[in-house]
Amino acid sequence: MKRKFAVLCLCLLMILPGCSNMADDTEAEETVEQVAHDPQEEAVEREEPVEPEEAVAPEEPAAGEPVVDGAFPFTPQELVDILNEAASLDDSGKAIALNDYVESGEAIWPENGSTSLMLTLDQNEAGMLEHVYFLWMNEPNLNVQYTSGLFIGTMIAALLPNHWEGVAADCDSIFNDGFGSVEYTFDSVQMDFELLQDYGYMDIRVAE
C-alpha cells in the first residue's frame, strides 16, 4: 500500500486547472574510497591521496506494471480507499469522499448524498479490478468539479503509471477548454475520456 499511496500523492496537483507538474529528483550520495595505511610502515614520501570516484546517480525505479494477470494490481475497495485518501489529504474543503465498494458494477456515490458524480468498478473472478467508469455532471458546482479533477488525476496516476504525465496533461487541457475527448491504448490498458456540455466520463479498462 505504500507504493499505492506514493502514486496517489504524485497526482494530487496534476489534473486541476492551473496546476503544475511535479517530479521527484533524487540526489546520489557521494562515496569516497579510503586509502589503507599501515601504521608500522615508515614512509619518507606519502602517496598522493586517491581521488574519490565521481558519484553516479542511481537509476530511477521502473514504473509499476499497470496490468498483472489480466487485471489492475488493486482490488476495487483499494482504489476507493486511494481516492478517499486523496480527498482526506486535500485541505481545500471542496473534495468529496465516496461510499465503500459493495459489488462489481454497482454504482458508488459520494458520502454526502450527491448524485452529481458516480463511480462503478468491475472485478474479475479473483477479486481484482479490471474496469473503472467515472461519470460526473458538468455543472458549476465547485465541489463536483474539484473532486472530479482530483479523482481523475489520482486514477490516471494509479492505473497508468507509465504514461500519467502526458495523459493528465491532455485531460487537464480538456477541462480548461470545457469540452473534448481523447482515447489511448497502451500497456494492455484502454482509456476513453470525454467532456461534453452536460457531463463528462472516464473509462479505463484492461484491453482485450
Side-chain angles (χ1 to χ4, degrees), residues 7-8 10-22 66 72 74 76 79-90 92-102 104-123 129-187 189-207:
V7 167
L8 174 145
L10 278 174
C11 68
L12 292 180
L13 300 177
M14 267 302 306
I15 194 66
L16 301 176
C19 69
S20 59
N21 296 333
M22 299 177 64
F72 296 107
F74 305 96
L79 183 61
V80 172
D81 291 341
I82 289 173
L83 296 175
N84 283 340
E85 186 70 12
S88 69
L89 291 174
D90 183 82
S92 69
K94 300 175 184 177
I96 305 171
L98 296 171
N99 290 318
D100 285 340
Y101 170 81
V102 177
S104 186
E106 181 172 323
I108 302 171
W109 302 97
E111 289 181 346
N112 66 359
S114 171
T115 57
S116 294
L117 54 86
M118 177 196 74
L119 178 68
T120 59
L121 304 174
D122 294 302
Q123 66 179 31
L129 181 67
E130 63 180 4
H131 184 198
V132 175
Y133 183 79
F134 181 62
L135 175 73
W136 71 97
M137 303 307 296
N138 191 19
E139 58 186 39
N141 185 312
L142 291 179
N143 288 24
V144 171
Q145 297 303 314
Y146 188 92
T147 302
S148 297
L150 179 65
F151 283 0
I152 288 167
T154 302
M155 287 188 284
I156 289 173
L159 303 178
L160 300 171
N162 300 326
H163 303 273
W164 67 269
E165 187 172 3
V167 173
D170 289 345
C171 294
D172 185 50
S173 178
I174 291 174
F175 259 108
N176 289 331
D177 292 341
F179 65 91
S181 64
V182 289
E183 296 180 6
Y184 308 94
T185 300
F186 36 50
D187 294 348
V189 179
Q190 184 171 344
M191 172 180 167
D192 300 324
F193 181 92
E194 185 168 14
L195 180 60
L196 303 171
Q197 180 177 355
D198 297 324
Y199 68 94
Y201 72 88
M202 182 176 69
D203 189 300
I204 304 179
R205 57 196 176 278
V206 175

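Below, all heavy atoms of this structure are taken into account, side chains as well, without hydrogens, waters or symmetry copies.
Using modelled atom types, no side-chain atom of N84 and backbone atom of A97 make a donor-acceptor pair closer than 3.5 Å. No side-chain donor-acceptor contact under 3.5 Å links N138 to the backbone of G200. A donor-acceptor pair under 3.5 Å is formed between the side chain of S148 and the backbone N or O of V144. At least one donor-acceptor pair closer than 3.5 Å links the side chain of N176 to the backbone N or O of D172. Judged by distance alone, the side chain of Q145 and the main-chain N or O of M137 form a donor-acceptor pair under 3.5 Å.
Just one residue in the list D122, L129, L121 forms a side chain to side chain contact (heavy atoms under 4.5 Å, CB included) with S104, and that residue is D122.
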Problem set entry | Verdict with supporting geometry, L159 and V189, side chain to side chain contact (heavy atoms under 4.5 Å, CB included) | CA-CA 9 Å; L159 303 178; V189 179; 5.9 Å; no
For this session: Apply the test side chain to side chain contact (heavy atoms under 4.5 Å, CB included) to residues I152 and F175: give CA-CA distance (whole Å), side-chain angles for both, the deciding distance (0.1 Å), then the verdict.
Result: CA-CA 11 Å; I152 288 167; F175 259 108; 3.6 Å; yes
For this session: Run the numbers on N141 and N143 for side chain to side chain contact (heavy atoms under 4.5 Å, CB included), then give the verdict.
Result: CA-CA 6 Å; N141 185 312; N143 288 24; 3.3 Å; yes
Problem set entry | side chain to side chain contact (heavy atoms under 4.5 Å, CB included) evaluation trace for D192 with E194 | CA-CA 7 Å; D192 300 324; E194 185 168 14; over 6 Å; no
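Residues F74 and F72 place their aromatic rings such that the two centres sit no closer than 6.0 Å. H163 has its ring centre no less than 6.0 Å from the ring centre of Y184. You'll find the ring centres of Y146 and W136 outside the 6.0 Å limit.
Atom CD1 of I108 and atom CG of L117 lie 11.5 Å apart (nearest 0.5 Å). Here L135 contributes atom CG and S116 contributes atom OG; the two are 10.0 Å apart, rounded to the nearest 0.5 Å. If you take NE2 on H131 and CG on D203, they are separated by 3.5 Å, rounding to the nearest 0.5 Å. Annotation: the span from M202 atom CE to I204 atom CD1 amounts to 4.0 Å, rounded to 0.5 Å. A distance of 10.5 Å separates CE of M191 from CZ of R205, quoted to the nearest 0.5 Å. Summarising the geometry, atom CD1 belonging to I96 is positioned 10.5 Å from atom CG belonging to L150; distances are rounded to the nearest 0.5 Å.
In this structure, L98 and F151 have side chains that are in contact, with non-hydrogen atoms separated by less than 4.5 Å.
Within a 6.0 Å radius of OH in Y199, other residues, nucleotides and ligands contribute 12 heavy atoms or fewer.
When all heavy atoms of A107 and T120 are compared, the closest pair comes out as CA-CG2, 3.7 Å. Minimum heavy-atom separation, T185 to A207: CG2-CB, 4.5 Å.
Among residues at least two apart or in separate chains, there is no salt bridge (Lys or Arg N to Asp or Glu O under 4.0 Å) pair with a member in residues 176-187.
Residues meeting the ring pair (Phe, Tyr, Trp, His ring centres under 6.0 Å) test with Y101, sequence neighbours left out: none.
For the residue pair S92 / D90, a side-chain donor-acceptor distance below 3.5 Å is found, with atom types taken as modelled.
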